[in-house]
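Reminder, nothing fancy here: chain letters follow the sequence lines and each chain counts from 1.
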Number of protein chains: 2
Amino acid sequence: MTLEEKTVPVVFKALCDENRVRILQYLRSGEKCACMLLEDLDIAQSTLSHHMRVLCDSGLVRGRKEGKWMHYSISQEGVQRAMVLLAALGDVETEEAGKPCCER
Amino acid sequence: MTLEEKTVPVVFKALCDENRVRILQYLRSGEKCACMLLEDLDIAQSTLSHHMRVLCDSGLVRGRKEGKWMHYSISQEGVQRAMVLLAALGDVETEEAGKPCCER
DNA sequence: CTATAATATTGAAATATCTAAATATATCGA
DNA sequence: TCGATATATTTAGATATTTCAATATTATAG
């Protein structure tokens, strides 16, 4: 597994803002429509819309349009993909027997 | 598991910059000293130092001082902690049987 | 078709982040 | 102690992000 430098930031930017983490927290209790989130979060509507775009771009959240309402939910597949990317980090190659990188 | 809104961004900011992902990529082949990273990455020394601080603050990387050299390596514990945080997202509560949030 | 309601987009200000040069600190060897 | 080397911190400019008001778009009801 090789980490792609361009795509990894797009995925994890979702988790780099306090408000987006709060939104994800809400979504853990199931699919929510934007109006619901707007009630609970005390942010402007355009701000919510911006954050939902970032979340959807990351793949961690899925948006479903139903009439004039947008319903958002956590994407299991997206979370799984992110887990794989993160796990790749922990997957360190076999240590090259104490080879020193600098003269001592 | 409950996601803490303040701490989660600190952890995942590590993965939100292309250069930091490249650094993590390098560290996958084992512990590296700063001078090594500096050679490979084509960025200023102060820039590297800044990124290493962000990485260490996230807990994903551990720094070890040896004389005048700093050695950096991926922290298995840190990656594990991040995995737990991320997994909490996928752990969605039992869906409340299609309860609609908006009038239709 | 028109009015209304939900969401998206645009524009602009405030704030944060990235970058590098200059400087500071720490360690080692002479 | 002095000079050289590795890394950290400070400062400042460039860029990106967050936020909200205003406006645009889309869908539904009448």
[X] [atom1] to [N] [atom2]: how many Å, rounded?
{"X": "B:Glu18", "N": "C:dT19", "atom1": "CD", "atom2": "C1'", "value": "14 Å"}
{"X": "B:Asp57", "N": "C:dC18", "atom1": "CG", "atom2": "P", "value": "12 Å"}
{"X": "A:Asn19", "N": "C:dT15", "atom1": "CG", "atom2": "P", "value": "16 Å"}
{"X": "A:Leu37", "N": "C:dT7", "atom1": "CG", "atom2": "P", "value": "9 Å"}
{"X": "B:Trp69", "N": "D:dA8", "atom1": "CH2", "atom2": "P", "value": "14 Å"}
{"X": "A:Glu39", "N": "C:dA5", "atom1": "CD", "atom2": "P", "value": "15 Å"}
{"X": "B:His71", "N": "D:dA6", "atom1": "NE2", "atom2": "C1'", "value": "11 Å"}
{"X": "B:Met70", "N": "C:dA26", "atom1": "CE", "atom2": "P", "value": "14 Å"}

- Are the side chain of A:Arg20 and the backbone of A:Lys13 linked by a donor-acceptor contact shorter than 3.5 Å? yes
- Task: Ignoring hydrogens and angles, tell me if any N or O in the side chain of A:Arg28 forms a donor-acceptor pair with the backbone of B:Ala88 under 3.5 Å.
- Result: yes
- Message: Quick check on C:dT17: is either OP1 or OP2 less than 4.0 Å from any side-chain nitrogen or oxygen of B:Lys13?
- Response: yes
- Tell me whether the OP1 or OP2 atom of D:dT7 has a side-chain N or O from B:Arg53 closer than 4.0 Å. no
If you define the side chain from C-beta out and look only at heavy atoms, does anything of [X] sit under 4.5 Å from [Y]?
{"X": "A:Ile74", "Y": "A:Leu60", "answer": "no"}
{"X": "B:Ser49", "Y": "B:Gln45", "answer": "yes"}
{"X": "A:Met52", "Y": "A:Leu37", "answer": "yes"}
{"X": "A:Leu41", "Y": "A:Thr47", "answer": "no"}

Closest nucleotide among [options] to the [X] side chain:
{"X": "B:Tyr72", "options": "D:dA6, D:dT19, D:dT7", "result": "D:dT7"}
{"X": "B:Ile43", "options": "C:dT7, D:dT26, C:dA20", "result": "C:dA20"}
{"X": "A:Lys68", "options": "D:dT5, D:dT18, D:dT28", "result": "D:dT28"}

- Hey, can you pull the residues of residues 44-52 of chain A with a non-hydrogen atom under 4.0 angstrom from DNA chain D? A:Ala44, A:Ser46, A:Thr47, A:His50, A:His51
- Of B:Leu38 and A:Asp17, the one whose closest nucleotide on DNA chain D sits nearer the 5' end is B:Leu38
- Note on the structure: Those residues at least two apart in sequence (or on a different chain) that pass ring pair (Phe, Tyr, Trp, His ring centres under 6.0 Å) with B:Tyr72 are none
